[in-house]
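Everything below concerns the one structure shown next.
Whatever order the structure lists ligands and atoms in, that order sets their numbers, starting from 1.
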Amino acid sequence: MKILILGSGGREHTFAYKIAQSSKCDKLFIAPGNAGTKQIGENVAIDPNDFTKIKKFVLQENIEMLVVGPEDPLVNGITDFFKQDNEISHLKIVGPSKRGALLEGSKERAKEFMGLYNIPTAAYESFTPESLEAGKKFLETLDAPYVLKADGLAAGKGVLILNDLTEAKDELENMLKNQKFGQASAKVVIEEFLKGIELSVFVLTDGSDYKILPTAKDYKRIGEGDTGLNTGGMGAISPVPFADDVFMQKIENRIVKPTIEGLKKEEIDYKGFVFIGLIKVGEDPYVIEYNVRMGDPETEVVLPRIQSDLVELLSKTAEGKLAEATLTIDPRTATTVMAVSGGYPEAYEKGKEIKGLDTVGDALVFHAGTTINEEGKVITNGGRVIATTAFGENYKEALKVSYQNIEKLHFDKMYFRKDLGFDLA
Ligand code: AMP
Ligand code: GLY
């Protein structure tokens, strides 16, 4: 089978790595890919949001399966675009329809969906520029900290958590009136703050059946001890040690099953991943957000633990026959540590040579923001640059190996967090 992956991050490199292991994959393309995916398949210079170009390439190369990595092509309706086009409707697509993708594309829609199917989540109300004053009044009824969320996609930056009421009111006004996050904050969801420890659960579904993939914990803040600005993710651990059988059963019964039931009830075409961001409050799970794709860097620890043939799992998903596929998981722990460019998540430089790649031994190296320069050297090309994934009997053992290997890599102004797992001890 000829397969095309859309995206260019560590997530897509990991998909490429697993897909290439399958005997069912004859040829693999990645659009646009990075220096890591180039070692596995063929990179194609196509923007994942340029559906017309993708269609042309799919027809030209006889691609049979499309795996959509990031959320924006999904929210922009890539799946519907191809399904509605007779020339290309045979293409197997891993990624939900536009209606499905709205679970990530609109925070308000996600909250309404959870409300309809009794899925536990923080209490909320949503506001528009017209109801700004009501929003400020609503804030007065809540206790600090105040959680403000831009309704639409804001590249992971649309959530503000503020301790001060006046500041919260000012930021609400900035979001609604001054378009702090552009169109994404033309509507704002204000939520009750939930206190607890976060984890993520990944579900593969064909809209009818589902399989729960390994859990993972991501470290989002730039600074040690979970301080400083939010990033795309500085590292991840899978499985999450505190997600024991009893807790997982609660997640499956209270969250996963009603989510799939809701999709079915609303006849939403959903063939792909549901990434459920959760918070454990006391002994109970609450949903913080849905994403309609895999996480990054969570993919770098979740997929390497899947022992079953990933192409089989993905094509059964796309065909609506997921029940026929099997899922076997490596019981060991996987960890990944992400090296980033100095300055990230604010301004940073690109184009720095990455050295030491040939010295990494007992870890997998996944490229996130890399490219190859004219001299054929691997250079940095993003904020998050490269990650090392390792296995161990527990997260401490695995982290030791991830760290030993990230230390073998070097580029100017490289930074990584040295405290992953600090909150699990
Ligand atoms: P989101 O983009 O919805 O994942 O939110 C970003 C981060 O904000 C989450 O990973 C949480 O750390 C935090 N967060 C979001 N909603 C809440 C909430 N209701 N209570 C506490 N923390 C939250
Ligand atoms: N690591 C968080 C995300 O992929 O959204």
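Not one N or O of N230 is nearer than 3.5 Å to an N or O of ligand 1, by distance alone. When only interatomic distances are considered, the shortest N/O to N/O separation between F275 and ligand 2 does not fall below 3.5 Å. Close N/O approach between E298 and ligand 2 is found [any backbone or side-chain N/O within under 3.5 Å]. The shortest N/O to N/O separation between V147 and ligand 1 does not fall below 3.5 Å.
Protein heavy atoms are absent from the space less than 4.0 angstrom from atom 7 (C) of ligand 1.
In this structure, K217 forms a cation-pi arrangement with Y219, its terminal cationic atom sitting closer than 6.0 Å to the ring centre and no more than 45° off the ring axis. For the pair K413 and F411, the cation does not sit on the ring face, since its NZ or CZ is not both under 6.0 Å from the ring centre and inside 45° of the axis.
Within the listing of ligand 1, atoms 3 (O), 15 (C), 16 (N) sit less than 4.0 angstrom from a heavy atom of K149. The K107 neighbourhood of ligand 1 comprises atoms 1 (P), 2 (O), 3 (O), with distances under 4.0 Å to a heavy atom of that residue. Listed by number with element, the atoms of ligand 2 under 4.0 Å from a non-hydrogen atom of G232 are 1 (N), 2 (C). With ligand atoms numbered from 1 in the order given, ligand 2 contributes 1 (N), 2 (C) to contacts under 4.0 Å with heavy atoms of D218. Every atom of ligand 1 with a heavy atom of E198 under 4.0 Å away is listed here by number and element: 9 (C), 10 (O), 11 (C), 12 (O). Distances below 4.0 Å separate heavy atoms of G295 from the following atoms of ligand 2: 4 (O). Atoms of ligand 1 found under 4.0 Å from any heavy atom of F193 (numbered from 1 in listed order, with element): 20 (N), 21 (C), 22 (N).
Looking from atom 5 (O) of ligand 1 to the surrounding protein, the closest heavy atom is V159 CG2, 3.4 Å.
T388 contributes a side-chain N or O that, together with a main-chain N or O of S402, makes up a donor-acceptor pair within less than 3.5 Å. For E104 (side chain) and A101 (main-chain N/O), no donor-acceptor pair under 3.5 Å exists by modelled atom type.
Close placement of the F273 and F15 rings is indicated, their centers lying within 6.0 Å of each other. Aromatic ring centroids of Y17 and F366 lie under 6.0 Å apart.
Proximity of L194 to ligand 1, defined as any heavy-atom pair under 4.0 Å, is shared by backbone and side chain alike. For R293, every heavy-atom contact with ligand 2 shorter than 4.0 Å involves the side chain, none the backbone.
Closest to atom 19 (N) of ligand 1 by heavy atom, among E104, E191, E289, is E191. Between the choices I161, V281, L278, L160, the shortest heavy-atom distance to atom 13 (C) of ligand 1 belongs to I161.
A salt bridge links K136 with E173: the distance from a Lys NZ or Arg NE/NH1/NH2 to an Asp or Glu carboxylate oxygen falls below 4.0 Å.
Remark: of the listed residues E112, E266, K257, E266 is the sole one forming a side chain to side chain donor-acceptor pair (under 3.5 Å) with Y117.
Using cut-offs of 30° and 60° for the angle between ring planes, the H13 and H367 rings count as perpendicular.
Around atom NZ of K137, no more than 12 heavy atoms belonging to other residues, nucleotides or ligands sit under 6.0 Å away. Within a 6.0 Å radius of NZ in K38, other residues, nucleotides and ligands contribute 12 heavy atoms or fewer.
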